[in-house]
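Note that these values count all heavy atoms, side chains included, but never hydrogens, waters or copies made by symmetry.
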Amino acid sequence: MWKLTESILLVWIVFWFIQSCTPKQPVQVDTDVKYTVVVVDTTGLYNPADSSRHSLVAGATLNANSTEYVKNYTFRTDDSGKVVIEGVIASNYRLDAHYPVSRGTALLGSRTVSIISVTDVVDTIYLSPIQLAPVLINEIYYAGPQNNIYFFYDQYIELFNRADSTVYLDGMILTRCRTSPEFRVLMDTVDYVQNVYAYQFPGTPGGNDYPLEPGEYIVIATDAYDHSQTVTNAVDLSHADFEFFNQYRNDYDNPDVPNLLNIIPNIGVDFYIGLGCDAVVLADGSSYEVVMVSTSHGDRLYCNVPISTVLDGVEYGSASTAKGLTYRIDTGKAGGGLQKYSGKTIQRANPFQDTNNSTNDFQITNGPTPGYQ
Ligand SMILES: [Ca+2]
Ligand SMILES: [Ca+2]
Ligand SMILES: [Ca+2]
């Protein structure tokens, strides 16, 4: 008898415990509540052209999750960055605002608010950037080795998978950005990066033939050749993982190293980047457009890559000169003070760290480190 009473008590305690811990189903909608949320970006990543640095974010997603009931709502901010929450269950809510800047960067903001017996309350959520890209540009070796014959042909780019799952490089694009003054005036107002060169990994975007394993580094050489045969201090890139191969010119082709191909027809140059300053972008390759642009040097073909598809981008050069890559991809610049033909390189101080600011994220390293940190 005693045992039975004890069991019933235990069952009742468990039932009570489950009841008190499980969110309840909502009872009814409270028609009186009205709560307005304004979503604001102060980082400049939503609209770099807005010098006020207080941009109302249109098109942000706002999720409202009740902290007491099994109930959530999804809203979208209007053109004035506003969401009016009404006709919802009176409750406390966690509000999460989200705006994607690119594949690699998003703006997020959240707060917990009480939407109970409120009318005409206006609240603000401020957004902060977070970095999402699993694969990063980890090193750019651009300055050339120590030499006095203007040799710089051993350039390479290194990528790193900082995630805990495999990334597939199939169809991804690496570009050299257009950083000229003519484009600088536009770069923060358009939704694409304009590129002088764009080369594409083999495979199709979304495919899984070219894996990059967690913690793995890969090297993409301008030419996968042992350059130390030409200049003693130059890098042996004969074992690079990939090479840039321009099918529109008589480019060097190491048959053992798979090629990234040029996607801008008639651009007859190999993937050489500036020895002092430049910008490089990695995009997922899902979308791009080759366009003819009238410039002060005549009509030229460029490749426009939507910022929404960009995984990472790095600008390098003197910090005192104007930015050439939009703030949305890189708010800083790596490699300040690095001299041409110094044999030095720029590499992430921490291969897992990307704050969207290459001034902070990168450091100058004395010698190239192709395929390792
Ligand atoms: Ca090449
Ligand atoms: Ca090859
Ligand atoms: Ca390295």
Side-chain angles (χ1 to χ4, degrees), residues 102-104 133 135-142 152-160 167-179 192-207 209-212 217-225 227 235 237-238 240-275 278-293 300-307 309-316 324-325 329 370-371:
S102 68
R103 272 290 301 276
V135 53
L136 296 178
I137 297 168
N138 189 60
E139 182 185 353
I140 307 174
Y141 172 68
Y142 57 87
F152 57 87
Y153 306 104
D154 59 345
Q155 291 182 332
Y156 69 84
I157 294 170
E158 180 186 75
L159 305 182
F160 175 67
V167 172
Y168 294 94
L169 300 167
D170 301 49
M172 284 190 186
I173 294 174
L174 269 169
T175 73
R176 177 190 186 183
C177 308
R178 185 183 181 205
T179 56
Y192 55 85
V193 198
Q194 196 159 76
N195 301 286
V196 183
Y197 317 147
Y199 280 68
Q200 191 163 32
F201 279 90
T204 313
D209 291 327
Y210 296 91
L212 180 61
Y217 298 84
I218 56 150
V219 171
I220 303 107
T222 298
D223 289 319
Y225 179 76
H227 299 279
V235 188
L237 293 170
S238 56
D241 301 281
F242 292 90
E243 67 179 331
F244 295 102
F245 176 72
N246 191 339
Q247 68 275 36
Y248 301 109
R249 77 191 285 269
N250 188 23
D251 197 4
Y252 175 78
D253 186 1
N254 181 333
D256 298 327
V257 175
N259 299 336
L260 278 74
L261 295 180
N262 178 3
I263 55 178
I264 309 180
N266 305 318
I267 295 285
V269 276
D270 205 357
F271 196 95
Y272 293 118
I273 52 179
L275 304 188
D278 221 324
V280 171
V281 155
L282 175 71
D284 68 15
S286 61
S287 174
Y288 65 86
E289 188 184 11
V290 176
V291 294
M292 185 68 81
V293 178
R300 296 240 169 127
L301 286 173
Y302 294 96
C303 180
N304 291 350
V305 172
I307 285 173
T309 69
V310 170
L311 290 155
D312 194 17
V314 177
E315 181 171 9
Y316 61 85
L325 178 60
I329 295 176

Exercise. Hey, could you give me the CG/CD1 distance between D312 and I329, rounded to the nearest 0.5 Å?
Key: 9.0 Å
Quiz item: Would E139 and Y217 satisfy side-chain hydrogen bond (donor to acceptor under 3.5 Å, both in side chains), going step by step from the backbone distance to the final call?
Solution: CA-CA 10 Å; E139 182 185 353; Y217 298 84; over 6 Å; no
Quiz prompt | Distance, nearest 0.5 Å, that separates CG of L282 from CD1 of I173 | solution = 9.5 Å
Quiz item: Less than 4.5 Å apart, any side-chain heavy atom of R178 and any of V196?
Solution: yes
Quiz item: Under 6.0 Å between the ring centres of Y168 and Y210?
Solution: no
Quiz item: For S102 and I307, which heavy atoms make the closest approach, and how far apart are they?
Solution: CB-O, 2.9 Å
Self-check item: Between CD on residue Q155 and CZ on residue F244, distance to nearest 0.5 Å
Solution: 9.5 Å
Self-check item: Atom pair CD/CG of Q247 and L261 - distance to nearest 0.5 Å
Solution: 4.5 Å
Practice problem: Check the side chains of Y141 and D154 for a donor-acceptor pair under 3.5 angstrom, ignoring hydrogens and angles. | Solution: yes
Exercise. Taking all non-hydrogen atoms of both residues into account, name the closest pair between V310 and V193 and its distance.
Key: CG2-CG2, 4.1 Å
Quiz item: Strictly under 6.0 Å, is that where the ring centroids of Y153 and Y272 end up?
Solution: yes
Quiz item: Would you say the side chain of L260 lies within less than 4.5 Å of the side chain of I220, judging by non-hydrogen atoms?
Solution: yes
Quiz item: Are the side chain of E158 and the backbone N or O of G371 linked by a donor-acceptor pair below 3.5 Å?
Solution: yes
Quiz prompt | Contact check, side chains of Y248 and I264, non-hydrogen atoms, under 4.5 Å | solution = no
Quiz item: What do the steps show when you test D241 against V257 for side-chain contact (heavy atoms from CB on, under 4.5 Å), and what is the final call?
Solution: CA-CA 6 Å; D241 301 281; V257 175; over 6 Å; no
Quiz item: Does one side chain, of Y252 or E243, offer a donor that lies under 3.5 Å from an acceptor on the other?
Solution: no
Quiz prompt | Spacing of OG belonging to S238 relative to OH belonging to Y225, to within rounding of 0.5 Å | solution = 9.5 Å
Quiz item: Taking the side chain as C-beta and beyond, is there a heavy-atom pair between I263 and Y288 under 4.5 Å?
Solution: yes
Quiz item: So which heavy atom on T309 is nearest to which on S286, and how close?
Solution: CG2-OG, 3.5 Å
Quiz prompt | Donor-acceptor contact present, side-chain D209 to main-chain G207, <3.5 Å | solution = no
Quiz item: So, for S287 and P306, which heavy atoms are closest and what is the spacing to 0.1 Å?
Solution: O-CD, 3.2 Å
Quiz prompt | Closest approach of L212 to I218 (non-hydrogen atoms, all atoms of both residues) | solution = CD1-CG2, 3.6 Å
Quiz item: So, for A240 and A224, which heavy atoms are closest and what is the spacing to 0.1 Å?
Solution: CB-CB, 4.2 Å
Quiz prompt | Sidechain-backbone polar pair: T222 side chain, F271 backbone, donor-acceptor under 3.5 Å | solution = yes
Exercise. For the pair L311 and M172, evaluate side-chain contact (heavy atoms from CB on, under 4.5 Å) and give the outcome as yes or no after the intermediate values.
Key: CA-CA 10 Å; L311 290 155; M172 284 190 186; 3.7 Å; yes
Quiz item: Would N195 and R176 satisfy side-chain contact (heavy atoms from CB on, under 4.5 Å), going step by step from the backbone distance to the final call?
Solution: CA-CA 6 Å; N195 301 286; R176 177 190 186 183; over 6 Å; no
Exercise. Show the numbers, then the answer: is there a side-chain contact (heavy atoms from CB on, under 4.5 Å) between Y197 and V269?
Key: CA-CA 8 Å; Y197 317 147; V269 276; 3.2 Å; yes
Exercise. Any chance you could measure F242, atom CZ, to L174, atom CG, to the nearest 0.5 Å?
Key: 10.5 Å
Practice problem: Using only heavy-atom distances, determine whether the side chains of D270 and N246 contain a donor-acceptor pair under 3.5 Å. | Solution: no
Quiz item: Do L237 and V219 come within less than 4.5 Å of each other through their side chains, counting heavy atoms only?
Solution: yes
Exercise. If the plane angle is over 60° it's perpendicular, under 30° parallel, otherwise tilted; pick one for Y316 and Y142.
Key: parallel
Quiz item: Do the non-hydrogen side-chain atoms of H227 and V235 ever get within less than 4.5 Å of each other?
Solution: no
Exercise. Taking the side chain as every heavy atom from C-beta outward, state whether I140 and I273 have any pair of such atoms under 4.5 Å apart.
Key: yes
Quiz prompt | Residue list, side chain to side chain donor-acceptor pair (under 3.5 Å) with N304, at least two apart or on another chain | solution = Q194
